[in-house]
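First comes the structure, then the notes that go with it.
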Amino acid sequence: MRRITRRVFGRAAIGMAGSLLGAAAGPAGGAARREMRGMWLATVGNLDWPSRTKLTAAAQQRELRAHFDAAVAHKLNTVFFQVRAAADALWPSPYEPWAESLTGRQGGDPGWDPLDFAVREAHRRGLELHAWCNPYRVANHTDPGRLTADHPARRHPEWIVPYGGKLYYNPGLPEVRTFVQDAMLDAVEHYSVDGVHFDDYFYPYPVAGKRFDDDEAYDTYGEDFDNRADWRRDNIDRLVYEMAQRLGEGGQQEGRKVRFGVSPFAVWRNQATDKNGSRTQAGIEAYDDLYADTRRWVREGWLDYIVPQVYWPIGTKAADYAELVPWWSRTVDGTGVDLYIGEALYKAGDSQPAGWKNPAELSRHLTFARRYPQVGGHVYFSAKEVAKDRVGALARVVRDHYGSAARS
């Protein structure tokens, strides 16, 4: 795969976020400076929204507005909205059924279009909205019979692999790769989303004693590779590369600009494994365990931005925030790929690791990251934590660092 130059994707031309954010005044009354201030809004398992299934449409809409209002109140400017959490959709998709999180029944029509509503409400508040997708997760169980009768995984049982108590599409099948791209791009085609966002799940996280059975696909498609690991990494490379290409082509055709980004597990490889890796001792390495060569995606310019989930306090022995932020800064330097740091707001106030007990830990993160000009901002997990801010950690961040307006 050849190197593709970075597409400087911005906001959808038909969205309002650009004009609203661009008009925000900075401290001297000029244009607001650029800085990502984002939050992830998770829908899988009703984590953030809706708070429970079977709410009325009006109640769901009230909750979604409240999340957007909380983002604005905390001076954030971007929402990463999980619209395709498990081979399902928060819009009337021709590819996959309605999400179970809306009605309690997969395929149940909620009677309204959450993605359309979310885009309009976000843009009305001057927020960007990025469509957050999980590429390969099909279900948080292993029973295909619980899926809708017309679900693609039931029509194509050869596409799915049960693993660790869940069902996944097989990344080793070219037809699966094309299908999941088509399913995700449908949201781009029909809604003025400002970006497409992948999370950290590619091949699934390892489960002790379990094996991901892709023997047949490897026998069919892996003959050009020395080993299965290289073949798996190539499958994920192709997903990312092709998605970037198709987003670029679609944007050119429609006169739109849509950014493409990924929020990976923050450790690419430990330095003990690879001299180019970080000085960490993480038990998971994205390259080896998830088959996600995140460093390559940046260096090849396949992404517009990357948001490594640096979910550890400063000073953590196995994975130190103060090691990973500089490592990622060096990785993106000169590539044109924007770097934002994923922040574990949901851990603020926890007793382990000990650093989280200090409500000022997140503010310390931003103070540290400002030493590195490659860091363009931060994204917080997750929306319900933004709203309740249980130990005041985000309020401290706002007070210490968000004194003036910023556009993403």
Side-chain angles (χ1 to χ4, degrees), residues 11-12 14-21 37-134 148 183-184 186-197 199 258 345-346 379-389 394 408:
R11 301 164 185 79
I14 56 177
M16 294 176 62
S19 59
L20 288 170
L21 289 169
R37 301 176 183 175
M39 74 178 187
W40 283 289
L41 202 167
T43 60
V44 63
N46 299 96
L47 184 61
D48 287 323
W49 179 88
S51 60
R52 61 185 187 277
T53 60
K54 301 180 182 179
L55 291 176
T56 65
Q60 290 179 348
Q61 291 169 6
R62 282 196 299 272
E63 286 190 350
L64 199 51
R65 287 194 191 100
H67 280 305
F68 293 154
D69 288 341
V72 172
H74 289 89
K75 299 188 179 180
L76 306 183
N77 55 30
T78 303
V79 175
F80 298 87
F81 184 41
Q82 192 174 35
V83 301
R84 184 183 179 273
D88 53 20
L90 290 188
W91 74 97
S93 168
Y95 295 95
E96 293 171 316
W98 283 106
E100 181 179 357
S101 60
L102 293 170
T103 63
R105 179 177 63 85
Q106 187 179 68
D109 188 340
W112 63 296
D113 185 336
L115 181 52
D116 176 70
F117 179 86
V119 170
R120 288 187 288 105
E121 290 294 316
H123 287 174
R124 190 167 67 83
R125 291 164 173 78
L127 297 166
E128 284 195 7
L129 188 134
H130 291 225
W132 166 16
C133 303
N134 182 292
T148 57
M184 293 183 289
D186 185 70
V188 177
E189 180 180 351
H190 293 101
Y191 302 89
S192 57
V193 296
D194 302 297
V196 171
H197 183 79
D199 53 32
V258 181
L345 176 62
Y346 73 103
V379 182
Y380 303 94
F381 190 86
S382 64
K384 69 180 180 183
E385 303 295 337
V386 169
K388 66 183 180 182
D389 193 20
L394 187 57
S408 59

Side chain to side chain contact (heavy atoms under 4.5 Å, CB included) filter on A387, not counting sequence neighbours, yields A70

d(H67 NE2, S51 OG) to nearest 0.5 Å is 7.5 Å

field: Residues W91, D116; criterion side-chain hydrogen bond (donor to acceptor under 3.5 Å, both in side chains); working and verdict
entry: CA-CA 8 Å; W91 74 97; D116 176 70; over 6 Å; no

Requested in this report: Indicate yes or no: at least one non-hydrogen side-chain atom of L47 is less than 4.5 angstrom from one of F381.
Outcome: yes

Applied to residues 88-98, the salt bridge (Lys or Arg N to Asp or Glu O under 4.0 Å) test, sequence neighbours excluded, yields R84-E96

For L345 and D389 the tightest heavy-atom approach is CD1-OD1, 4.2 Å

By side chain to side chain contact (heavy atoms under 4.5 Å, CB included), T103 pairs with (sequence neighbours left out) R105, P110

Is there a donor-acceptor pair closer than 3.5 Å between any side-chain N or O of D194 and the backbone N or O of H130?
no

Student check: side-chain heavy atoms of L102 and W49 closer than 4.5 Å:
yes

Applying side chain to side chain contact (heavy atoms under 4.5 Å, CB included) to E100 and not counting sequence neighbours gives Q106

| So do the side chains of Q60 and W112 get within less than 4.5 Å of each other, counting heavy atoms only? | yes

Value for CD (E128) from CZ (F80), rounded to nearest 0.5 Å, stands at 8.0 Å

Heavy-atom distance under 4.5 Å between the side chains of T78 and V379, does that happen here? no

Point to revise | Check: S93 main-chain N/O paired with D186 side-chain donor or acceptor under 3.5 Å | key: no

Rounded to the nearest 0.5 angstrom, the CG-NE2 distance for D69 and H74 is 12.0 Å

query: What class does the angle between the rings of H197 and W132 fall in, given that below 30° is parallel, 30 to 60° is tilted and above 60° is perpendicular?
result: perpendicular

Side chain to side chain contact (heavy atoms under 4.5 Å, CB included) filter on A118, not counting sequence neighbours, yields L64, F68, F81, L129

**Message:** Could you check whether any side-chain heavy atom of N134 comes within less than 4.5 Å of a side-chain heavy atom of V44, counting everything from C-beta outward?
**Reply:** no

Quiz item: Does D113 reach the side chain of Y191, with side-chain heavy atoms less than 4.5 Å apart?
Solution: yes

Residue set satisfying salt bridge (Lys or Arg N to Asp or Glu O under 4.0 Å) with E121, at least two apart, ordered chain then number -> R65, R124, R125

- Give a yes or no answer on whether the side chain of N77 reaches the backbone of R37 with a donor-acceptor pair at less than 3.5 Å. yes

- Donor-acceptor pair, side chain of T43 and main chain of Q82, under 3.5 angstrom: yes

Closest heavy-atom pair, A99 versus L90, reported as atoms and distance to 0.1 Å, is CB-CD2, 3.8 Å

Closest non-hydrogen atoms of A383 and D48, given as atom of the first, atom of the second and distance, are N-OD2, 3.4 Å

Nearest heavy-atom contact between S101 and N46 is O-ND2, 2.9 Å

request  = Report yes if some heavy atom in the side chain of M39 is under 4.5 Å from a heavy atom in the side chain of E385; otherwise report no.
outcome  = no

